[in-house]
Amino acid sequence: MRIGVIGGGAWGTALAQVAARGGEVLLWAREEEVVAAINDRHENSMFLPGVPLSPAIRATGALDDLADRDALLVVAPAQHVGAVLNLLPSKDTPLVLCAKGIEAGSRRLVGEVAQAAHPGAPIAVLSGPTFAHEVAVGLPTAVTLACADSALQVRLAERLASPTFRPYASSDVIGAEIGGAVKNVLAIACGVVEGAGLGQNARAALIARGFAEMTRFGLARGARAETLAGLSGLGDLVLTCSSTSSRNFSLGVGLGQGRSATDLLADRRTVAEGAFTAPVLAEAAAEAGVDMPITDAVCHLLQGAPASEVISSLLARPRRDEA
Ligand SMILES: NC(=O)C1=CN([C@@H]2O[C@H](COP(=O)(O)OP(=O)(O)OC[C@H]3O[C@@H](n4cnc5c(N)ncnc54)[C@H](O)[C@@H]3O)[C@@H](O)[C@H]2O)C=CC1
Ligand SMILES: O=C(CO)COP(=O)(O)O
């Protein structure tokens, strides 16, 4: 299986490194400097500095070069997936979606965006607790690889698996997507807890109540509960709610320390998907009649409400049943 990767950020580069264990890989990057650095020095100094890359990875700046690929890993940020897929010449190549988010405006999951751009292409979702820098250096990692077509799922898993990269099979594409999109918003909230110095009890409570939100929203959108409780849901939620290696968590730390979202997001080259997903997730939840108070709180913080006020009103909500 000839693998192509769309997106030369940290995660696209790490996934190219994973795929390069099983053969040559072609990676499309938007930035000329990234293409040159990968081809000349086997390094992505812009987005994944300090990690030596496999010589089996070639980079290109031309999407047309991906025409001969048997499968494409789509790793552009969620807000840009539609635009990039619309520019691709081949429209029926299997797409493995690796971005985590919901498209602003349309409120579509990345899978729905991909299906609209390439109606004939089989779709899979790869998601889980996966910091790019750990995957790229070969630390043990497990992911959900979801696809409705089980034969394609098996082929993709065989092509990507290695002793340190372990894909688990699922047919629940929507569930795998929702876990990854929602956990980014909750990771911002957990960062706020850290930044505001609210303690470990509060963080554990937020993870548990955040998981309840993720589950309510996921079930309303047709996800399966076991997918949400798996690697792509709870697994990734725990990872990104525990570490400043998470860009979303770090953004939250800044908000909790009283800095403004505008300042924190200005001049950022890397993506904190939760900042884009939070408002559209809140809209989608309201439309579906799903209560998501932590998501609403993150929206207020991103709009500039003071952290102390947002935290007080979250804690002052009427008591309710846990279930
Ligand atoms: N970095 C990580 O550890 C992981 C990231 N992800 C997800 O992967 C996706 C990509 O994130 P990263 O690789 O981390 O990105 P990054 O933050 O390392 O780099 C930013 C990326 O955005 C691209 N970009 C910026 N403007 C663009 C535009 N107008 N059109 C197309 N692309 C544009 C850049 O070319 C670059 O590839 C996100 O959805 C993220 O949530 C998923 C798992 C792990
Ligand atoms: O999705 C990730 C790990 O699974 C990366 O999280 P951040 O985008 O918050 O860094």
Side-chain angles (χ1 to χ4, degrees), residues 5-18 27-35 37-38 44-49 51 59 61 63 73-88 96-104 109-111 113-114 125-137 139 141-145 165 176-177 179-191 230-254 264-265 267-278 298:
V5 177
I6 298 177
W11 189 220
T13 308
L15 283 171
Q17 183 93 321
V18 166
L27 179 147
W28 171 82
R30 193 165 156 269
E31 299 79 9
E32 278 174 26
E33 310 91 290
V34 171
V35 173
I38 291 177
N44 183 342
S45 28
M46 189 176 282
F47 294 113
L48 197 63
V51 178
L63 280 168
L73 310 187
V74 182
V75 208
Q79 305 305 324
H80 302 301
V81 165
V84 177
L85 288 183
N86 281 328
L87 294 172
L88 261 188
V96 183
L97 307 172
C98 310
K100 297 173 178 172
I102 305 177
E103 192 179 60
L109 294 167
V110 174
V113 171
V125 167
L126 186 155
S127 191
T130 57
F131 283 141
H133 56 95
E134 294 192 9
V135 171
V137 297
L139 292 174
T141 299
V143 297
T144 303
L145 180 52
F165 193 80
E177 279 215 78
V182 175
K183 71 87 194 173
N184 281 333
V185 178
L186 301 172
I188 296 177
C190 267
L231 292 160
S232 54
L234 184 59
D236 206 359
L237 178 65
V238 169
L239 178 76
T240 34
C241 286
S242 326
S243 166
T244 46
S245 289
S246 159
R247 286 92 43 104
N248 290 290
F249 183 90
S250 303
L251 171 62
V253 172
L264 291 163
L265 292 170
D267 301 327
R268 239 179 196 251
R269 204 198 289 275
T270 58
V271 67
E273 290 279 27
F276 301 101
T277 296
V298 171

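Note: hydrogens, waters and symmetry copies are ignored here, and every other heavy atom, side chains too, is used. Both ligands and their constituent atoms are indexed starting at 1 by order of listing. These numbers were taken from a predicted model, which means no experiment stands behind them.
Around atom CZ of Phe47, more than 12 heavy atoms belonging to other residues, nucleotides or ligands sit under 6.0 Å away.
Between Val125 and the choices Val110, Leu97, Val96, the side chain to side chain contact (heavy atoms under 4.5 Å, CB included) rule is met once, by Leu97.
Scanning both residues, Leu73 and Cys98, for their nearest heavy atoms gives CB-SG, 4.2 Å. Between Ala132 and Ala14, the closest heavy-atom pair is O-CB, 3.5 Å. Listed here is the closest heavy atom pair of Gly254 and Leu264: C-CD1, 3.6 Å.
Interface of Thr270 with ligand 1, defined as ligand atoms under 4.0 Å from a residue heavy atom, comprises 17 (O). Close approach of ligand 1 to Ala132 is summarised as follows: ligand atoms under 4.0 Å from at least one heavy atom of the residue are 1 (N), 2 (C), 3 (O). Of all atoms in ligand 1, numbered sequentially from 1 with element shown, those under 4.0 Å from a heavy atom of Phe131 are 3 (O). Each of the following atoms of ligand 1 lies closer than 4.0 Å to a heavy atom of Ala99: 39 (O). Listed by atom number, the atoms of ligand 1 under 4.0 Å from His80 heavy atoms are 26 (N), 27 (C), 28 (C), 29 (N), 30 (N), 31 (C), 33 (C). Near Thr130, the atoms of ligand 1 lying under 4.0 angstrom from a non-hydrogen atom of the residue are 3 (O), 43 (C), 44 (C). Residue contact check: Glu31 has heavy atoms under 4.0 Å from atoms 34 (C), 35 (O) of ligand 1.
By the side-chain hydrogen bond (donor to acceptor under 3.5 Å, both in side chains) test, Gln79 is found to be paired with no residue, residues two or more places apart in sequence or in another chain being considered. Among residues two or more places apart in sequence or in another chain, the side-chain hydrogen bond (donor to acceptor under 3.5 Å, both in side chains) test is passed with Lys183 by none.
Residue contact check for ligand 1: His133 places no non-hydrogen atom closer than 4.0 Å to it. Using a 4.0 Å cutoff on heavy atoms, Gly8 counts as a contact of ligand 1.
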For residues 80-87, which side-chain N or O atoms pair as donor and acceptor with protein atoms under 3.5 Å away, sequence neighbours left out?
{"residue": "Asn86", "atom": "ND2", "partner": "Gly82", "partner atom": "O", "Å": "3.1"}

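When heavy-atom distances to ligand 2 are checked against 4.0 Å, the residues falling inside are Lys100, Gly128, Pro129, Thr130, Phe131, Lys183, Asp236, Leu239, Thr240, Ser245, Ser246, Arg247, Asn248, ordered by chain and number.
For atom 21 (C) of ligand 1, the candidate residues are Ala10, Gly180, Pro77; the nearest heavy-atom contact is made by Pro77.
In this structure the side chain of Val34 never reaches within 4.5 angstrom of the side chain of Trp28, judged on heavy atoms. Using a 4.5 Å heavy-atom threshold, the side chains of Ser243 and Phe249 count as separate. Between His133 and Leu139 the shortest side-chain heavy-atom distance does not fall below 4.5 Å. Between Phe165 and Leu15, the closest side-chain pair of non-hydrogen atoms falls below 4.5 Å. A heavy-atom distance below 4.5 Å is not found between the side chains of Thr141 and Pro129. Residues Gln17 and Val135 form no side-chain contact, since every pair of their non-hydrogen atoms from C-beta on lies 4.5 Å or further apart.
For atom 26 (N) of ligand 1, the nearest non-hydrogen atom of the protein is Arg30 NH1, 3.3 Å. Here the protein heavy atom with the shortest distance to atom 1 (N) of ligand 1 is Arg247 NH2, 3.2 Å. The closest protein non-hydrogen atom to atom 37 (O) of ligand 1 is Gly9 N, 3.0 Å. Considering only non-hydrogen protein atoms, atom 6 (N) of ligand 1 sits nearest to Trp11 CD1, 3.4 Å. For atom 10 (C) of ligand 1, the closest non-hydrogen atom on the protein side is Val75 O, 3.4 Å. Ranking the protein heavy atoms by distance from atom 11 (O) of ligand 1 puts Val271 CG1, 3.7 Å first. Remark: minimum distance from atom 36 (C) of ligand 1 to any protein heavy atom is reached at Phe47 CZ, 3.6 Å. Considering only non-hydrogen protein atoms, atom 41 (O) of ligand 1 sits nearest to Glu273 CG, 3.3 Å.
Atoms CG and CD1, from Leu109 and Ile102 in turn, are 5.5 Å apart once rounded to the nearest 0.5 Å.
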